[in-house]
Amino acid sequence: MDSELLLQPLRLGRQTFPGIWRVMMPPAFQKLRFPDEKQADCMNCPKSCYEEWRPDYRCCTYHPRIPNFLLGLACRTPEGHRAVDELLERGMVLPEGMHSSPRQWLDFVDDEHEDLFGKSQKVLCPMLDRVSGHCRVHAFRNSVCSTYFCDKEQGHAGEVFWSQIQTLGSQLEMRLAQWALREIGFDLDASIRALNELASDLTQASSDQGWHPAALQHIWGEHAGREKELLLACADVIVKNRDRLWSIARQQRIEEPHDFDAALLEKVPEEQQEILEEPDTEWTEIVDLEALWEDCRIAHDALWEEPSGLFTLSPQVSFVPNEYQSQEERYHQARPFFLEYRFQNPERSLYFRLAIRREEKAWLDSFAGSFRPLPTAGVETQEFLKTMIHRRVLRAQGPAT
Ligand code: SF4
Ligand code: SF4
């Protein structure tokens, strides 16, 4: 494959993925059918239009870990080159790639605790072009950014599917980033030791915009001052080995700076500890990539399994007319109704609300009060009704399909 193609985003259906996914993911990845994530309309972001998310940053109130080789590839485009230079200037690049400083990570935890994702004033991705609102490394973003959709068209089934793809992508990125470092002669173990040494005094490790220069000097060792050279070398070695990335990654174990990570967790205030995820013990073990890929395929098949049997409209669903008064209502000009799905527990109230077209309401109305099969005609109708099944708006009789 022409290496230039790896600089172009990979378009599959309505979604775009980083160009490297052409060779990093198993070949069958490109044969998957991806959900058409229409609700997450980034060009006209509903979250910023009516949910008070920042219109400039939207879901980019987050510091992604972009692996070194993707940053190196980004440097081959003028916009990416500038973005990586700025990132280096801020001190947000470690040998493995973009990495928030301890203070930045604690800010992120604080935001999560205060439910400020999308509204943050302090955690803003430096890769975003604030004028255009575009990601400057779109073709080189990491797997978290590549699989994030604020509202999944296929509900829980879509959530499971994208989360499996993200897990696989993240494992590949971390393994290949570490492999590339070793391959070009970088002493990965020394840099992990250096990070662990910082654990004794984390307060000194951050600056206002990223890592403190002294911490960076310690972590980068003899490569300090030649960071970009190293990013480019990592990209080169990945491109050179593009036909065997999967088998390389399968052999790799991810090395983690455990002392540093533990010290960072200790810095999280007690009242915020509840939002931390349980440590994933599998992450650092050699997880079989084939097994992760199999999980992706299972989630994919579950997504597109043809539903059969009889369905009825959930009693937790109601319809309200679009009054075109609020920002949300005006946003959905062409949709005269809202479907509201409520929790059974009245205290938890609204679970989700979807703007729907007149004919979609009529299709759903036909399922009210009795069980009936899905109609056989009309692909559009079928697709919509399948989505409604995945979102539990339509419930199956007997065993779930
Ligand atoms: S994914 Fe992000 S930018 Fe796109 S619609 Fe959702 S919040 Fe907005
Ligand atoms: S890398 Fe791009 S997509 Fe990801 S958070 Fe930053 S600006 Fe957003």
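Counting starts at 1 for both ligands and their atoms, following the listed order. Residues: numbered from 1 along the sequence shown.
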The protein heavy atom nearest to atom 8 (Fe) of ligand 2 is C60 SG, 2.3 Å
| message | How about NZ on K122, more than 12 heavy atoms from neighbouring residues, nucleotides or ligands closer than 6.0 Å, or not? | response | yes
Exercise. Within a radius of less than 6.0 Å around CD of E51, do more than 12 heavy atoms belonging to other residues, nucleotides or ligands occur?
Worked result: yes
closest protein heavy atom to atom 4 (Fe) of ligand 2 is C145 SG, 2.4 Å
Tightest non-hydrogen contact, residues M92 and G210, listed as CG-CA, 3.9 Å
_Under 4.0 Å between a side-chain nitrogen and a carboxylate oxygen: does that hold for R65 and E173?_
no
*Taking the side chain as every heavy atom from C-beta outward, state whether L71 and K228 have any atom pair closer than 4.5 Å.*
no
request  = Answer yes or no: are there more than 12 heavy-atom neighbours, outside E274 itself, under 6.0 Å from its atom CD?
outcome  = yes
A correct count of protein N/O/S atoms found below 2.8 Å of atom 6 (Fe) of ligand 1 gives 1
Ligand 2 atoms nearer than 4.0 angstrom to some heavy atom of L128 are 7 (S)
Practice item. Answer yes or no: is there a side-chain heavy-atom contact under 4.5 Å between L202 and R103? Key: no
Do the rings of W162 and F17 sit parallel, tilted or perpendicular, given the 30° and 60° boundaries?
tilted
Atom 2 (Fe) of ligand 2 has as its nearest protein heavy atom C135 SG, 2.4 Å
